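As the structure is a computational prediction, the values presented were derived from the model and not from experiment.
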Amino acid sequence: MTYEPKDYILSIIIPVFNRENSIAILLERLLKLAPEDIEFVLVNDGSTDSTLDAIKQIVENSKKIGQVKIVNHQKNLGVSAARNTGLEQATGYYLGFIDSDDLVTSNYFEVLRPLLLKYEYDIISFNFTYQDKVIKSSNDGSQLEGVFTASHWHLVSRVYKRELFKDKKFEVLRRYEDVILLPYIFINAKKIKHINEVLYHYIQTKQSITQQIKISDIDDLYFALNKALYYIENYANSTESRLFTIYLFKIMMLIRKYIRKINGYYAYNIEYYDMAKRIIGITEKYNNSLGLNIKKLKYAKIDSYISKLKYWLTLKKKGSL
């Protein structure tokens, strides 16, 4: 099986770990749909089942062997490491990312390719489905504020100029790696475009992050917040700082949601209160005009008390106490 390097308009990076069934469905579909100027970089992240054999068989049976590059990790390093390997191996002018459990629409390449061939946009986003709902990647077309307000930091619902990832890496051994990285990709983009059309289907599995909320997830989100705060304090201009206050608030609301999901109520700790105080200060400095409901942060202790009271009353009513 021979990979043939050439000038590709788009490289699709697909990390794979123990997905012998789903990767077969996805890859067959992609190879059938893809024009000849599309490159596929599949990173087998140390699979212990027959994933690698399934990939090789599908590629060898296709007429597009030369468009597929297969990279094999000897052991499982995680999705971020696999994507980083994909970044090192990709040669296309643009980059796209697809997860091995998911599917693209039949017109994915048909819609994107004419826009890519203009070489005009740094990022092109599109809608996707999740749990039978259509999710818009942006609230306001080609405006950064719309992207930050929507706060859908899903790597797979966009394609990106490869140069935007120069000197950028996904955080290894952390979940929410797209949430941590993508805001910095966007603020370096000069021109973005949103296609108000569904091109991607996110397939929820038992391994999906939203199905397996852990305390360590909250730690990873605090990591994202601290990284953003450091950027604001040391590098950001006033426009970027204003955008990042939206990001900070949205991530805090996600942490708030996860705390309740794990504990049954808003069981905030000192770290949460300290972070809320810092974000309130930055929001009041840069971003009073967007209507962010910072009352939830200002009155976090009251929020926690009322939530805890309701939680205990519910348990008492159910006879659980």
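- The residues Lys191 and Glu120 are annotated as salt-bridged, a charged nitrogen and a carboxylate oxygen being separated by less than 4.0 angstrom.
- Leu221 has its side chain within reach of Tyr258: a pair of non-hydrogen atoms, C-beta onward, lies under 4.5 Å apart.
- A salt bridge is defined here as a Lys NZ or Arg NE, NH1 or NH2 lying under 4.0 Å from an Asp or Glu carboxylate O, and Lys64 with Glu39 fails to meet this definition.
- Under the 6.0 Å cut-off for aromatic ring centres, Phe148 and Phe244 qualify, their centroids lying closer than that.
- In this structure, the ring of Tyr184 has its center less than 6.0 angstrom from the ring center of Tyr231.
- Phe165 and Tyr160 have their aromatic ring centers within a separation under 6.0 angstrom.
- Within 6.0 Å of NZ in Lys168 there are more than 12 heavy atoms belonging to other residues, nucleotides or ligands.
- Remark: Asp217 engages Arg175 in a salt bridge, criterion side-chain N to carboxylate O under 4.0 Å.
- Residue Asp274 holds its CG atom at 11.0 Å from CD1 of Ile279, rounded to the nearest 0.5 Å.
- Using a 4.0 Å cut-off between charged side-chain N and carboxylate O, Asp101 and Arg19 make a salt bridge.
- Heavy atoms only, all atoms of each residue included: Phe170 and Leu87 are closest at CE1-CD1, 3.9 Å.
- When only modelled atom types and interatomic distance are considered, His73 and Thr85 share a side-chain donor-acceptor pair under 3.5 Å.
- Remark: the Asn127 side chain and the Ser157 side chain contain no N/O donor-acceptor pair separated by less than 3.5 Å.
- Smallest separation of non-hydrogen atoms from Ile232 and Ser241: CG2-OG, 3.7 Å.
- When only modelled atom types and interatomic distance are considered, Asn107 and Glu197 share a side-chain donor-acceptor pair under 3.5 Å.
- Taking all atoms of both residues into account, the shortest heavy-atom contact from Ala267 to Ile259 is N-CG2, 3.3 Å.
- Between Phe97 and Ile12 the shortest side-chain heavy-atom distance does not fall below 4.5 Å.
- We find that Glu88 and Lys169 are joined by a salt bridge, their nearest charged nitrogen and carboxylate oxygen being less than 4.0 Å apart.
- Although no hydrogens or angles enter the test, the distance criterion places a donor-acceptor pair under 3.5 Å between the side chain of Asp102 and the main chain of Ile203.
- A salt bridge is absent between Asp122 and Lys193; no separation between the charged side-chain nitrogens and carboxylate oxygens falls under 4.0 Å.
- Between Tyr108 and Leu112 there is a side-chain heavy-atom pair separated by less than 4.5 Å.
- Closest heavy-atom contact between Leu33 and Thr105: CD1-O, 3.8 Å.
- Contact annotation: the side chain of Ile13 approaches that of Leu95 to within less than 4.5 Å [non-hydrogen atoms, C-beta and beyond].
- Side-chain contact between Val79 and Phe17 is absent, with no heavy atoms from C-beta onward closer than 4.5 Å.
- Between Leu144 and Ile187 the shortest heavy-atom distance is CD1-CA, 4.4 Å.
- A ring-centre distance under 6.0 Å is found for Tyr202 and Tyr130.
- At a threshold of 4.5 Å between non-hydrogen side-chain atoms, the residues Tyr93 and Asp7 do not count as touching.
- Within a 6.0 Å radius of CD in Gln57, other residues, nucleotides and ligands contribute 12 heavy atoms or fewer.
- Enclosure of atom NZ in Lys298 is not indicated, since only 12 or fewer non-hydrogen atoms of other residues, nucleotides or ligands lie within 6.0 angstrom.
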>> With side chain to side chain donor-acceptor pair (under 3.5 Å) as the criterion, how do Ser50 and Glu20 come out once you've worked through the C-alpha distance, each side chain's angles and the decisive distance to 0.1 Å?
In response: CA-CA 6 Å; Ser50 58; Glu20 57 188 356; 2.2 Å; yes
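- Residues Ile65 and Val59 approach most closely at CG1-O, 3.1 Å, considering heavy atoms.
- Between Lys214 and Asp219 there is no salt bridge, since none of the side-chain N atoms of the basic residue sits less than 4.0 Å from a carboxylate O of the acidic one.
- Taking the six-membered ring for Trp and the full ring otherwise, Tyr200 and Phe126 have centroids separated by 6.0 Å or more.
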>> Quick one, Ser137 with His154, criterion side chain to side chain donor-acceptor pair (under 3.5 Å). Give me CA distance, side-chain angles, the key distance, then yes/no.
In response: CA-CA 8 Å; Ser137 298; His154 297 95; over 6 Å; no
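- Side chains of Lys310 and Tyr265 form no contact here, defined as non-hydrogen atoms less than 4.5 Å apart.
- Around atom OH of Tyr273, more than 12 heavy atoms belonging to other residues, nucleotides or ligands sit under 6.0 Å away.
- Crowding of Lys308 atom NZ: a count of heavy atoms from other residues, nucleotides or ligands under 6.0 Å not exceeding 12.
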>> Run Tyr268 and Arg256 through side chain to side chain donor-acceptor pair (under 3.5 Å) and show every step you take.
In response: CA-CA 8 Å; Tyr268 305 139; Arg256 178 177 183 265; 3.1 Å; yes
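- Two residues are said to be in side-chain contact when any heavy atoms from C-beta on lie closer than 4.5 Å; Lys32 and Arg29 fail this criterion.
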